[in-house]
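Below: one structure, written as structure tokens.
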Amino acid sequence: VSTAAARAGPTESGAGHRSPDVAVSALYQQHAVGLIRLAVVLLGSRSAAEDVVQEAFFGLYRRWDRLASGDRALQYLRSSVLNGCRSVLRARTRDARRAARALPVEEQLPEQRVLLHEEHREVLAALRRLPARQREALVLRYFLDLPADQVAATMNVSEGTVKSTTSRALAALARRLGESS
Amino acid sequence: MTAVEDRLRTATRTAAATIADGSAPPLRLPDPASARRQPGRSGRAGRSVARRWLAPAGAAVAVAAVIATVSLTAGGPGPQPLAGVVGRLPPVATAAELAGLPRYYATIDARTDQSPWRVIAFWSTVTRKRVASVRLRGTISQLTGNSSGFYAMVDFGKIAKFYRIQFRLKPVPVAVSELPIRGVPAQRTDYLWVSPNGRELAYDLYGPPHQLKSGLTTNSPQTVVTVSTATGHEHVWRVPASASHGRGYDVSVLSWLSDNSTLAYALSYPPGGPRATLRLLKTTAPGHNLLAASKTLLHVSAHTAEEAGEDNVSTDGHTLIEPGPRGSIVSVQLPSGHTQVLYTPPGTRMKQGPAKGRVIANGCGPLLWLSDSGSSQISYCGLTGPMPTGRTTNYAVLIRGGHVYRMPWRLGHGPNAEDPPAAMETAFP
């Protein structure tokens with residue numbers, strides 16, 4: 001899967017050169033699928049992922065005038081998607097398991113059930129049981145292939161924190177998967 | 001690249017491949033005029049909007065509260081499950097309604113994501129005021145408590161240690177002491193429970209890794225540990241490899257019974273469900289065979305390990321409270337298995353955004369507190385807000401004697417209150 005759409009920077013620069021509608025719509029065309037994929041990896045649910053991405057673009061639209069540079073739009077969107085996924089997972093920890101039971105078709109992702117090998121499901125389940133920051137660091141680093149400085153900027157932490165968090169996360173993931181890192 | 005990195009990269013990309021190119025739904029943006037009117041959360045515009053809607057909203061809430069009160073009190077205890085919008089339920093108000101409830105509840109918070117410090121705050125059930133707080137360096141992975149105090153499992157790097165937190169009048173209001181318990185590997189425990197007399201802790205433990213018949217390797221929790229809070233003497237119980245026939249089990253520790261020597265736990269198989277058995281472990285029995293030292297209480301179908309882990313057994317062993325379908329709270333009489341739905345929160349129809357028209361079931365669970373007889377319980381309920389935010393508002397709901405009340409507590413506040421999972425799941429002293 002190409003993650004280039006979520007990884008590449010925007011082609012626009014200067015937030016105020018175009019109207020928010022046009023600029024945000026263009027960004028959506030360019031990056032929506034990549035960001036939905038990022039959210040799907042974190043959440044495991046397409047409908048929730050689409051909601052999170054929609055919300056991120058909605059937030060970008062509302063704050064467009066305050067965005068210092070269009071170059072930062074993608075970073076803003078990535079951070080916004082991470083925050084949105086974290087909120088969904090927090091809520092899901094308590095109550096969306098109930099929703100999943102009530103709405104099995106929506107939450108259990110039949111397409112993923114068919115397409116995902118048991119091996120991949122096991123890895124994703126282990127990934128989703130990691131603490132939020134570890135999970136996000138791994139996804140940004142190994143799914144989007146972002147360098148440490150961009151992971152740090154997206155997560156709003158230092159590069160050193162990214163490296164230590166990633167290292168701990170890999171070790172924890174290895175333990176959960178019964179492997180040695 | 002290590003094997004784990006390789007597996008992670010492959011799995012995430014395979015999951016992402018389920019989203020086809022060009023399959024994003026259309027972007028929905030508000031019209032510019034309404035977007036400009038969008039108030040800030042604490043801005044002046046927000047206050048004026050709030051003022052404008054205060055009177056009609058207040059009247060609506062009052063009417064709904066009266067209707068809810070009448071409808072809930074008229075029937076009394078009966079076979080019909082209680083239902084109602086959680087946010088509009090009547091709040092607990094009178095001393096009679098509060099009688100017999102735990103005195104305090106705890107929340108966990110962190111100043112920032114990056115902060116190594118975690119704050120455990122204790123709140124009065126009655127006054128709703130913060131009575132004490134303690135700051136711990138490390139990640140609080142588990143927190144439980146009863147009248148003997150609160151007990152925390154705190155991760156320090158790769159090792160988790162155990163602490164007891166008690167209220168005192170002198171010399172300091174809160175006393176924190178590390179228990180003489182051997183440290184355990186961090187992040188390998190899902191459940192921690194303290195016995196009614198505070199002398200024993202019980203927790204589950206992941207690993208060691210073993211291979212399933214399918215060829216996969218798993219380290220799902222198959223071990224239960226009971227350990228003395230006074231001496232640190234521990235007793236390890238395991239599912240023998242020969243008993244699982246290569247399928248593997250998940251073990252979820254649920255609760256202690258009042259005799260301080262019986263532990264209720266759920267056994268889910270294969271790992272991740274879909275079948276679970278509720279069992280009682282006699283912790284004074286000799287040996288280390290978890291299955292041989294315990295007896296089956298109830299077979300539960302369609303329960304994954306995580307779902308079974310949110311069940312709770314009253315200390316008298318007669319009632320099982322569990323999350324039911326459509327976010328409801330269900331009471332199961334033991335050992336007969338007779339089931340009664342106690343409370344069903346309504347669904348929310350999304351009004352905006354891509355989810356417009358979709359009904360989201362608001363959910364209740366997990367259980368925060370259960371009385372000894374199982375007749376009263378406090379559950380954690382979520383109410384999904386209107387789109388586009390879709391954020392969930394969290395409530396604690398008291399179900400007692402055929403009535404349901406909203407506990408007017410501060411839950412999940414703070415920027416990082418739920419990360420790690422906060423003390424909402426904590427028992428109360």
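FYI, side chains are in, hydrogens and waters are out, and symmetry mates aren't considered; it's all heavy atoms of this structure. Below, chain A is the first sequence line, B the second, and so on; all start at residue 1.
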Locate the shortest heavy-atom distance separating [X] from [Y]; write the atom from each residue and the value.
| X | Y | result |
| --- | --- | --- |
| B/Ala15 | A/Val40 | O-CG1, 4.0 Å |
| A/Val33 | B/Ala20 | CG1-O, 3.9 Å |
| B/Leu8 | A/Val123 | CA-CG1, 3.9 Å |

Original post:
If only atom types and distance count, is the side chain of A/Arg37 paired as donor or acceptor with the main-chain N or O of B/Ala17 below 3.5 Å?
Top reply: no

Original post:
Can you tell me how far CG of A/Leu144 sits from OG1 of B/Thr12, rounded to the nearest 0.5 angstrom?
Top reply: 9.0 Å

Subject >> Distance (rounded to the nearest 0.5 Å) between A/Thr166 OG1 and B/Glu5 CD >> reply: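 Here the rounded value is 9.5 Å.
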
